[in-house]
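See below for the structure under consideration.
Excluded from the calculations below are hydrogen atoms, water molecules and symmetry mates; all remaining heavy atoms, backbone and side chain alike, are included. Here, residue 1 is the first one in the sequence, and each next residue gets the next number. Whatever order the structure lists them in is the order used to number ligands and atoms, beginning at 1.
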Amino acid sequence: MSESVREIVARPAAGGTARVRGWVKTARHSKGVSFLEVSDGSSFDGLQVVVPPELENYESELRHAGTGWAIEADGELVDSPGKGQRYELQATRVQVVGAVDEDYPLQKKRHSFEFLRTIAHLRPRTNTIGAVLRVRNAAARAIHAFFQERGFVWLHTPIITALDAEGAGEMFRVSTLGAGESDFTGDFFGRETFLTVSGQLEAEIGALALGNVYSFGPTFRAENSNTSRHLAEFWMVEPEMAFCDLRGNAELAEAFLKHVIRAVLEACPDDMAFFEKRIAPGILENLQHVVDSPFECLTYTEAVEILDASGRKFEFPVKWGVDLQSEHERFLAEEHVKRPLVVTDYPKGIKAFYMYRNDDDRTVRAMDVLVPGVGEIVGGSQREHRRDVLERCMGEAGLSAADYGWYLDLRRHGSVPHAGFGLGFERFVQFVTGMANIRDVIPFPRTPGSAEF
Ligand code: ATP
Ligand code: MN
């Protein structure tokens with residue numbers, strides 16, 4: 001393997017030979033010399049390759065090289081007289097590995113994100129999507145590092161599940177039955193199964209054995225919401241902690257978000273500089289602010305009072321007992337506190353049955369983390385660990401104890417207070433990059449009516 005462009009530009013000084021292999025981002029051909037900016041995906045900027053006409057294939061090939069061509073170049077690494085780059089490669093040999101046909105769609109400079117979605121096989125080669133994918137990778141790595149450093153065990157919760165988890169969203173059925181067949185006892189698993197909407201309930205099993213666990217993997221929701229914040233397939237990070245209450249849960253969420261943001265800023269400075277310049281001016285300062293300041297904390301009841309007193313006309317009026325809409329969440333985060341905030345203790349009627357019931361019997365120990373620009377990014381709670389209360393809450397929610405025997409079992413055998421949350425990974429990537437549409441922060445988006453590849 002040859003050095004990556006990222007490694008080459010990190011060399012302490014010019015001099016010596018280098019080999020670069022990648023794709024031409026831009027080509028400039030002037031009299032007697034050609035400049036090819038070659039990107040291999042390892043960093044935002046490519047390496048400028050200076051191609052002299054003395055090369056034997058200059059006239060026949062290199063003079064015609066353009067965007068998208070795959071090449072391998074050897075040469076001398078020299079200080080670049082041009083601005084915006086430290087080094088350039090003075091080529092002594094350039095081999096064309098793969099030219100592009102005339103109809104290569106990325107020839108022109110700027111394309112809309114809508115258009116790029118129609119060429120999902122090529123869009124990772126663009127500046128924006130390349131930067132997104134590197135940030136995504138850095139964030140995923142930081143997520144694992146955060147939990148691993150704290151001794152959390154990565155629990156691989158199932159993708160195919162028989163739980164119709166808490167009604168978190170509409171589910172995709174997994175079945176090998178033919179058309180018209182509906183007897184699930186004859187189905188592959190002998191029962192009805194789905195793609196998971198959340199690994200939480202299985203994570204609780206893990207936490208009550210291993211203490212602190214997290215799941216990080218794909219989740220699926222067949223909700224027909226064609227919004228800029230919903231995908232049918234998305235990744236979720238779900239830590240679950242035994243011997244933990246809502247406060248510990250909120251503290252973990254704050255430390256976690258700050259850690260991952262910091263790690264992305266550190267690992268991807270060039271990509272982040274691009275988002276600052278081209279996608280979301282001000283984002284670097286906002287993220288630094290998030291990292292540096294403590295999260296605000298409000299109860300749902302306080303939040304509703306603030307929204308009420310704001311004098312703001314919302315599309316959906318607020319009153320105690322109704323769920324906060326995105327416009328409310330964003331008002332609170334963007335205008336009221338101007339940084340992330342944790343809203344806790346929601347009315348029981350709008351939250352899942354498994355959340356710890358407060359003494360007032362009207363609210364539960366739920367928490368959502370709301371951030372400027374996105375709204376809800378994390379949803380979590382302390383779980384109800386008292387068997388009698390849980391059974392009562394399940395009854396109120398119309399759930400049969402028979403279907404949740406194992407879940408109730410966990411409350412009979414060594415039950416302890418426990419808590420956890422779910423972070424939508426793509427919402428997080430949206431938050432740190434400032435990308436407006438969630439379809440542009442995942443390599444292969446799945447949305448109603450659309451699944452390419
Ligand atoms: P929303 O109200 O925004 O639909 P939710 O209340 O259904 O979210 P949860 O069930 O709490 O979400 O899921 C945990 C997290 O997963 C959310 O905070 C959000 O970040 C993310 N999330 C939920 N649904 C989607 C989706 N369809 N696409 C991408 N991320 C999602
Ligand atoms: Mn939802």
- [ ] For this output row, return yes or no: ring centroids of F216 and H144 closer than 6.0 angstrom.
- [x] yes

- [ ] Using modelled atom types only, decide if a donor and an acceptor are shared between the side chain of H385 and the backbone of Y356 within a distance under 3.5 Å.
- [x] no

Task: ligand 1 versus R221: contacting region, heavy-atom distance under 4.0 Å - done: side chain

TODO: Tell me which one of E329, H230, E233, E238 gets a heavy atom nearest to atom 1 (P) of ligand 1.
DONE: H230

TODO: Answer side chain, backbone, both or neither: which part of T219 comes under 4.0 Å from ligand 1, heavy atoms only.
DONE: neither

Open item on the list: Using a 4.0 Å cutoff against the non-hydrogen atoms of E376, which atoms of ligand 1 qualify?
Closed with: 2 (O), 6 (O), 8 (O), 11 (O), 12 (O), 17 (C), 18 (O)

Task: Per-atom contacts of ligand 1 with G379, taking only distances under 4.0 Å to non-hydrogen atoms - done: 18 (O)

Open item on the list: Looking only at the aromatic ring of each residue, does the gap between the centers of F220 and F234 stay below 6.0 angstrom?
Closed with: no

TODO: Determine, using ring centers only, whether F152 and F146 are less than 6.0 Å apart.
DONE: no

Open item on the list: Please work out, at 4.0 Å between heavy atoms, whether the side chain, the backbone, both, or neither of I377 comes within that distance of ligand 1.
Closed with: backbone

Open item on the list: Is the distance from the ring center of F353 to that of Y404 below 6.0 Å?
Closed with: yes

Task: N or O pair under 3.5 Å between M236 and ligand 1 - done: no

Open item on the list: Yes or no: does E426 have any heavy atom under 4.0 Å from an atom of ligand 1?
Closed with: no

TODO: Examine I438 against ligand 1 and note whether any of their N/O atoms are separated by less than 3.5 Å.
DONE: no

TODO: Indicate yes or no for a side-chain donor-acceptor contact from E327 to the backbone of F316 under 3.5 Å, with no hydrogens or angles considered.
DONE: yes

Open item on the list: If you count heavy atoms of other groups shown closer than 6.0 angstrom to CZ of F189, is the number above 12?
Closed with: yes

Open item on the list: Out of all atoms in ligand 1, which are within 4.0 Å of some heavy atom of R229? Include the element for each.
Closed with: 28 (N), 29 (C)

Task: Where ligand 1 meets V378 - atom numbers and elements under 4.0 angstrom, heavy-atom basis - done: 18 (O)

